[in-house]
Number of protein chains: 2
Amino acid sequence: MSANKPPAKRTYQSTEQRQSATVEAVVQLCAEQDPSTLTTARIADEVGLSQGALFKHFPNKNSLWESVAAWVSEQLTQRVFSVADQHEQADKALEAMFLAHIGFIARHPGIPRLMLGELQKPGNSAAKRIVRQTLANYRQKVISLLNLGIQQHRITSTIDTEAAAVLYLGAIQGLVVQGMIGGDIHSLEQAAPRIFRLYSASFQEVPDAPQT
Amino acid sequence: MSANKPPAKRTYQSTEQRQSATVEAVVQLCAEQDPSTLTTARIADEVGLSQGALFKHFPNKNSLWESVAAWVSEQLTQRVFSVADQHEQADKALEAMFLAHIGFIARHPGIPRLMLGELQKPGNSAAKRIVRQTLANYRQKVISLLNLGIQQHRITSTIDTEAAAVLYLGAIQGLVVQGMIGGDIHSLEQAAPRIFRLYSASFQEVPDAPQT
DNA sequence: CAAAATAAAGTAATTACTCACTTTCTTATG
DNA sequence: CATAAGAAAGTGAGTAATTACTTTATTTTG
């Protein structure tokens, strides 16, 4: 009778395309799901592939996590560092970085989960190394900007720069955790400027006559 | 020849004892392992029980997680709040809380993993509710102390108390994450006072003649 | 057509939980 | 006070479900 085979017309794509689509799918899925509970079946389904086909594009799951970590690291570093470089004054650069970081997270709520999840894993997986390295670079950038701010006489020279770098990252963490508790990711962007203002109060030079 | 049955002399303990021993074993194990990878077999082994026996004391794994969350919440709240109540001056109380919290984490490095892990889970498990409630109480306590500090003229009245509460929890988070990156949990207690000093600089009233 | 991409079914390993049975503890009673 | 009986705690061997990864055969495409 009717057709024995409605040929289903699959669309084939290159491994490269599938790889980046898969990475983005993972980031997307992490917005709603604990990364450690993500199965290859669920990921493949999101990409629109059979589970088996996934392993034609990634040799194994670890390698997929590595690609995801690399993507996150690249995106985060690029976006955050590039806005920092648009500002002459170190304190303005720090603020811009802070807001850019929160904005990035607000658009990709799965990212804190991903990074924290990797850090919590035991051992020294490639993904974990990438995350750790990214955070170390980030921290160094903050310290450099703080030192620059001191030179510019916009940050008090008595500041404990290492502590200030930890507190900077902590401020972001605090916002993220608060968002996880409240469940509303979008309130992050509203709260971010208030948090940064308070943070910067801890080291701001208070000139009597500030010039714009 | 020798005995057909060395009777093995098991020691039986009450369900209550086993429950608390199990909870502590979980907290202990989380110091070295991602909570989401903890199996009932591993836990039972740590307690010194067969895997099946675990289910004589907990109806299921979720219930175990609930008990763990309750234990953590109780311990943390009790320890942190009790040191706060030993101080008249709100800023001193905040500092004591901060250091007590970090000390607690340093002695139980699995606890941040546990709490963050629960928060990241989807749904509304009992354990997640407990963690969320605990953090909400904590936050409220910080806000109350900040307000008290304003009354006592030890904290500047222009402070954004909500932001300060977020930054307070963020400072702890930042320390913890820094510890996870570095891998050394004990450096936490050294770094903690420096972080708190910087944090408190963001709202400290600066009297010209401070009296001890 | 040949190579790459995909589906679909299969496999071995892991895991939470169950079950049938044994060992220890508790307690009431002669 | 000794002891038998029942309750509680424990074991060890399952089981069904899940999961990362494989294999085989089919479809698309340059």
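All figures in this text were calculated on a predicted structure; none of them were measured in a lab. Below, read A as the first sequence line, B as the second, and so on, with proteins coming before strands; counting in each chain starts at 1.
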Please state whether the phosphate of D:dG10, meaning OP1 or OP2, lies under 4.0 angstrom from any side-chain nitrogen or oxygen of B:His57.
yes
How many whole angstroms separate atom NZ of B:Lys56 from atom P of C:dT22?
13 Å
N or O in side chain of A:Ser14 less than 4.0 angstrom from C:dA5 OP1/OP2
no
Return yes if some donor-acceptor pair links the side-chain N/O of A:Lys121 with the main-chain N/O of A:Lys128 below 3.5 Å, else return no.
no
A side-chain contact here means heavy atoms from C-beta on lying under 4.5 Å apart; do A:Glu46 and A:Val26 qualify?
no
Each nucleotide of nucleotides 12-17 of chain C classed B (base within 4.0 Å of a protein heavy atom), S (only sugar-phosphate) or -, in 5' to 3' order, makes ---SBB
Tell me: CZ of A:Phe58 to P of D:dT22, nearest whole Å?
15 Å
Just the rounded figure in Å: distance from P of D:dG10 to CD of B:Gln19.
11 Å
So does B:Arg10 get a side-chain nitrogen or oxygen closer than 4.0 Å to the phosphate oxygens (OP1/OP2) of C:dC25?
no
Side chains of A:Gln75 and A:Arg79: is there a donor and an acceptor less than 3.5 Å apart?
yes
Contact class for B:Leu49 (heavy atom, under 4.0 Å): base, sugar-phosphate, or nothing?
sugar-phosphate
CD of A:Gln13 versus C1' of D:dG30: gap in Å, rounded?
16 Å
Name the orientation class of the two ring planes belonging to B:His101 and B:Tyr138 (parallel below 30°, tilted from 30 to 60°, perpendicular beyond 60°).
tilted
B:Arg18 atom CZ is separated from C:dT24 atom C1', nearest whole Å, by 12 Å
Do the ring planes of A:Phe196 and A:Phe98 sit parallel (below 30°), tilted (30 to 60°) or perpendicular (above 60°)?
tilted
How about NZ on A:Lys92, more than 12 heavy atoms from neighbouring residues, nucleotides or ligands closer than 6.0 Å, or not?
no
If you only use heavy atoms from C-beta on, which nucleotide in C:dA7, D:dG10, C:dA4 is closest to the side chain of A:Tyr12?
C:dA4
Does atom CZ of B:Arg107 have more than 12 heavy-atom neighbours, drawn from other residues, nucleotides or ligands, at distances under 6.0 Å?
yes
Nearest whole Å is fine: how far is C:dA7 C1' from A:Asp45 CG?
14 Å
Consider the side chain of B:Ser50, meaning its heavy atoms from C-beta on, and name the nucleotide among C:dA7, D:dT11, D:dT29 that approaches it most closely.
D:dT11
